[in-house]
Amino acid sequence: MAPISRRMVASALFVLLLLAATEMGTTRVAEARHRHRHCESQSHRFRGACWSDSNCVHVCNTEGFPSGNCKFHGFESKCFCKKPCST
């Protein structure tokens with residue numbers, strides 16, 4: 001029987017990690033929907049880094065959202081608008 005190569009083992013581990021990450025992401029989204037029932041969208045009108053939730057809320061109101069808050073998206077703080085999800 002031929003020995004299993006390191007490349008084959010590394011490839012198998014990569015596939016398993018990819019599957020695990022995909023499954024965890026799906027679960028987190030489903031759980032968030034059931035707990036909060038709010039939909040979020042990054043503001044299209046907010047400019048610059050978001051450091052003040054009150055400024056974010058004001059801009060979100062102009063976009064038709066009742067609320068919003070600053071969140072880190074990667075390395076930047078951005079304004080995300082929230083509203084109840086429609087059923």
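Heavy atoms only: backbone and side chains are in, while hydrogens, waters and symmetry mates are out.
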For residues 65-84, which side-chain N or O atoms pair as donor and acceptor with protein atoms under 3.5 Å away, sequence neighbours left out?
| unit_1 | atom_1 | unit_2 | atom_2 | d |
| --- | --- | --- | --- | --- |
| Lys71 | NZ | Glu40 | OE1 | 2.9 |
| Lys71 | NZ | Glu40 | OE2 | 2.8 |
| Ser77 | OG | Cys50 | O | 2.5 |

- Query: How would you list, by chain and number, every residue that makes a side chain to side chain contact (heavy atoms under 4.5 Å, CB included) with Asn61, sequence neighbours excluded?
  - Reply: Val57
- Message: Please give the remaining members of the hydrophobic cluster of Phe46, linking ILVMFWY side chains under 4.5 Å, ordered by chain and number.
- Response: Val59
- Message: Suppose the criterion is salt bridge (charged side-chain N to carboxylate O under 4.0 Å, His left out): which pairs have a residue in residues 43-70, not counting sequence neighbours?
- Response: none
